[in-house]
Amino acid sequence: MAPEHRSFAPHLTRRRLLATGAATAGAALVPATGTPAAAAGKRRPAVFRLPNGFRPEGITIGGGPYAYLGSLGDGSLYRADLRTGEGAIFSAGPGTPSVGLKLDHRGRLFVAGRGQGARVVDARSGAILASYALTSATPTFANDVFLTPRAAWFTDSFQPALYALPLGRHGQLPDPDEVVTLTLGGDWSQVAGEVVNANGITATPDGSALLVVQSGVGGLHRVNPRTGVTQLVDLGDAAPLTNGDGLLLIGRTLYVVQNRQNAIDVFRLAADGRSGVFRRRVTDPLFDVPTTVAAYQGRLYLPNARFTTTPTPDTTYDVISVPV
């Protein structure tokens with residue numbers, strides 16, 4: 001049965017959102033041992049290999065030294081130890097892509113599944129805990145996901161909408177018919193066809209709204225989570241975020257992965273996310289179309305999706321880290 005789509009706004013109070021959303025990323029920059037972040041980074045590999053043919057896109061890191069990545073090929077999930085760079089596939093894919101993913105503090109991975117909606121996976125056992133269609137609209141492309149204490153928000157690159165999985169008071173997962181659609185309006189202008197529109201997603205620094213990058217036209221939008229009305233964020237003279245992909249917010253610093261530019265654009269945002277100032281562009285000679293970014297103990301980790309390389313079972317892939 002197709003999900004019922006109704007108007008819904010999971011609570012996004014500043015205190016609750018920052019408890020497990022934006023603040024989590026910032027807290028992860030402080031080593032648990034008290035060792036300075038720069039020193040800790042020197043002991044960890046700056047590059048680690050993924051299985052040949054894996055085709056990574058999304059990455060997420062929790063409070064421990066483990067990164068989780070999804071495959072655009074068969075959807076398998078890979079766990080890597082950041083201390084050694086070693087890892088393994090722990091959840092065999094369903095045969096369809098895994099795109100963006102996020103880990104919650106309960107050890108659950110929320111995975112965007114492109115045309116297959118979303119699924120929730122146990123990060124320890126790899127078992128699928130729940131699956132969601134998200135929408136009956138076509139075409140659809142569930143691309144990225146962001147977690148708040150009350151909801152998991154998914155972007156759709158082919159539809160002018162966000163989807164929310166409302167979470168119970170104790171993190172209970174919703175039933176499949178409780179998926180909520182938030183139609184985007186205001187400054188949002190959807191590009192027709194199979195053009196990447198909504199892509200990376202995060203929250204404003206004060207937790208009052210969501211931020212979504214519209215890759216096809218290069219705009220960063222502030223989204224009211226109750227109404228879906230969007231406002232273009234004023235980024236001054238910064239170049240358009242035409243290839244903007246994954247977003248990461250640490251405090252008031254926003255990192256925007258520019259995949260085709262092999263770069264990360266860094267902005268300082270106003271607390272409410274209505275404006276921002278371009279600070280710098282981060283590049284690395286080892287970047288090969290990075291797509292998403294996660295942080296751990298003073299370093300940023302980005303998977304090289306290598307979109308300009310024709311994928312084969314023998315194509316090599318890796319994750320690159322650079323200092324915050």
Side-chain angles (χ1 to χ4, degrees), residues 44-61 65-103 109-128 131 139-145 154-155 157-158 194-196 199-200 215 243 245-246 257-264 284-294 300-322:
R44 300 192 303 271
V47 180
F48 59 84
R49 290 282 300 275
L50 299 173
N52 286 0
F54 186 74
R55 298 177 60 195
E57 206 278 354
I59 186 170
T60 184
I61 300 173
Y66 297 96
Y68 298 85
L69 299 104
S71 168
L72 286 175
D74 65 0
S76 292
L77 302 178
Y78 183 91
R79 178 171 49 227
D81 189 327
L82 298 178
R83 297 166 296 186
T84 64
E86 299 177 354
I89 291 173
F90 71 96
S91 181
T96 54
S98 290
V99 197
L101 68 167
K102 290 294 185 295
L103 177 71
L109 284 165
F110 292 74
V111 185
R114 195 171 172 120
Q116 305 302 312
R119 68 187 191 279
V120 184
V121 177
D122 188 304
R124 300 174 183 85
S125 68
I128 296 176
S131 296
T140 181
F141 182 168
N143 196 330
D144 206 357
V145 55
F154 292 84
T155 58
S157 292
F158 292 165
E194 295 191 359
V195 176
V196 176
N199 198 334
S215 298
N243 294 295
D245 202 328
V257 180
Q258 293 276 65
N259 57 39
R260 301 286 175 161
Q261 277 80 28
N262 287 316
I264 310 166
D284 191 282
L286 295 179
F287 284 170
D288 192 351
V289 195
T291 46
T292 51
V293 58
L300 303 175
Y301 290 82
L302 302 92
N304 275 329
R306 306 194 68 189
F307 287 153
T308 57
T309 299
T310 301
T312 73
D314 297 321
T315 302
T316 59
Y317 293 95
D318 52 23
V319 174
I320 309 298
S321 76
V322 295

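Since the model is a prediction, treat every value here as computed from it, not as a measurement. Residues take their numbers from the sequence shown, with the count starting at 1.
- Residues that satisfy the ring-ring contact (aromatic ring centres under 6.0 Å, His included) test with Y68, not counting sequence neighbours, are F90.
- Closest heavy-atom contact between P56 and L72: O-CD1, 4.2 Å.
- Remark: D318 CG to D288 CG distance equals 8.0 Å, nearest 0.5 Å.
- At least one side-chain heavy atom of F110 sits under 4.5 Å from a side-chain heavy atom of V120.
- Side-chain N/O atoms of N259 and D245 include a donor and acceptor closer than 3.5 Å.
- Formation of a donor-acceptor pair under 3.5 Å by the S321 side chain with backbone atoms of A46 is found in this model.
- When only modelled atom types and interatomic distance are considered, N243 and Q258 share no side-chain donor-acceptor pair under 3.5 Å.
- A search for side-chain hydrogen bond (donor to acceptor under 3.5 Å, both in side chains) contacts involving T312 returns T315, not counting sequence neighbours.
- In this view, T309 satisfies the side-chain hydrogen bond (donor to acceptor under 3.5 Å, both in side chains) rule with no residue, not counting sequence neighbours.
- When every heavy atom of R119 is checked against every heavy atom of G75, the shortest pair comes out as NH2-O, 2.9 Å.
- Remark: F48 pairs with no residue by the ring-ring contact (aromatic ring centres under 6.0 Å, His included) rule, at least two apart or across chains.
- The shortest non-hydrogen separation linking G58 to L101 is C-CD2, 3.2 Å.
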Item to check | Chi angles and distances behind the side chain to side chain contact (heavy atoms under 4.5 Å, CB included) call for V293, Y301 | outcome: CA-CA 6 Å; V293 58; Y301 290 82; over 6 Å; no
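- Annotation: side chain to side chain contact (heavy atoms under 4.5 Å, CB included) contacts of Q116 (sequence neighbours excluded): T96.
- With values rounded to the nearest 0.5 angstrom, I320 atom CD1 is found 7.5 Å from F287 atom CZ.
- Within the model, atoms CG of N304 and CG of L50 stand 9.0 Å from one another, a figure rounded to the nearest 0.5 Å.
- R79 is linked by a salt bridge (charged side-chain N to carboxylate O under 4.0 Å, His left out) to nothing, counting only residues two or more places apart in sequence or in another chain.
- The salt bridge (charged side-chain N to carboxylate O under 4.0 Å, His left out) search around R260 returns none, not counting sequence neighbours.
- Listed by first then second residue, pairs satisfying salt bridge (Lys or Arg N to Asp or Glu O under 4.0 Å) with a partner in residues 49-61 number zero, not counting sequence neighbours.
- Nearest heavy-atom pair, P290 versus N262, reported as atom, atom and distance to 0.1 Å: CD-OD1, 3.4 Å.
- In terms of the salt bridge (charged side-chain N to carboxylate O under 4.0 Å, His left out) criterion, residue partners of D81 (sequence neighbours excluded) are, by chain and number, R83.
- In this structure, the side-chain hydrogen bond (donor to acceptor under 3.5 Å, both in side chains) partners of N143, at least two apart in sequence or on a different chain, are S157, N199.
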Checklist entry - Passes side chain to side chain contact (heavy atoms under 4.5 Å, CB included), F141 versus V99? Steps please. => result CA-CA 9 Å; F141 182 168; V99 197; 4.1 Å; yes
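- K102 places a side-chain N or O within 3.5 Å of a backbone atom of V145 that can act as its donor or acceptor partner.
- Side-chain contact between V47 and L286 is present, with at least one heavy-atom pair separated by less than 4.5 Å.
- A distance of 13.0 Å separates CZ of F307 from OG1 of T310, quoted to the nearest 0.5 Å.
- To the nearest 0.5 Å, the span separating CD1 on I128 from OG on S91 amounts to 6.0 Å.
- Contact between G117 and A142 at its shortest, heavy atoms only, is O-CB, 3.4 Å.
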Checklist entry - side chain to side chain contact (heavy atoms under 4.5 Å, CB included) between L300 and I264: does it pass, once the steps are laid out? => result CA-CA 10 Å; L300 303 175; I264 310 166; 4.0 Å; yes
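- In this structure, the separation between CG on D284 and CG on L302 is 9.0 Å, given to the nearest 0.5 Å.
- Checked against side-chain hydrogen bond (donor to acceptor under 3.5 Å, both in side chains), T316 has the following partners two or more places apart in sequence or in another chain: R306.
- With hydrogens and angles ignored, the 3.5 Å screen pairs a side-chain donor or acceptor of T292 with a backbone N or O of I59.
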Next on the checklist: Before you tell me yes or no, could you show the steps for L82 and I61 under side chain to side chain contact (heavy atoms under 4.5 Å, CB included), namely the whole-Å CA-CA distance, both residues' side-chain angles and the distance that decides it to 0.1 Å?
Outcome noted: CA-CA 10 Å; L82 298 178; I61 300 173; 3.9 Å; yes
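- Scanning all heavy atoms of the two residues, the minimum distance from Y317 to P51 falls at CD1-O, 4.3 Å.
- I89 pairs by the side chain to side chain contact (heavy atoms under 4.5 Å, CB included) definition with F54, S76, Y78, not counting sequence neighbours.
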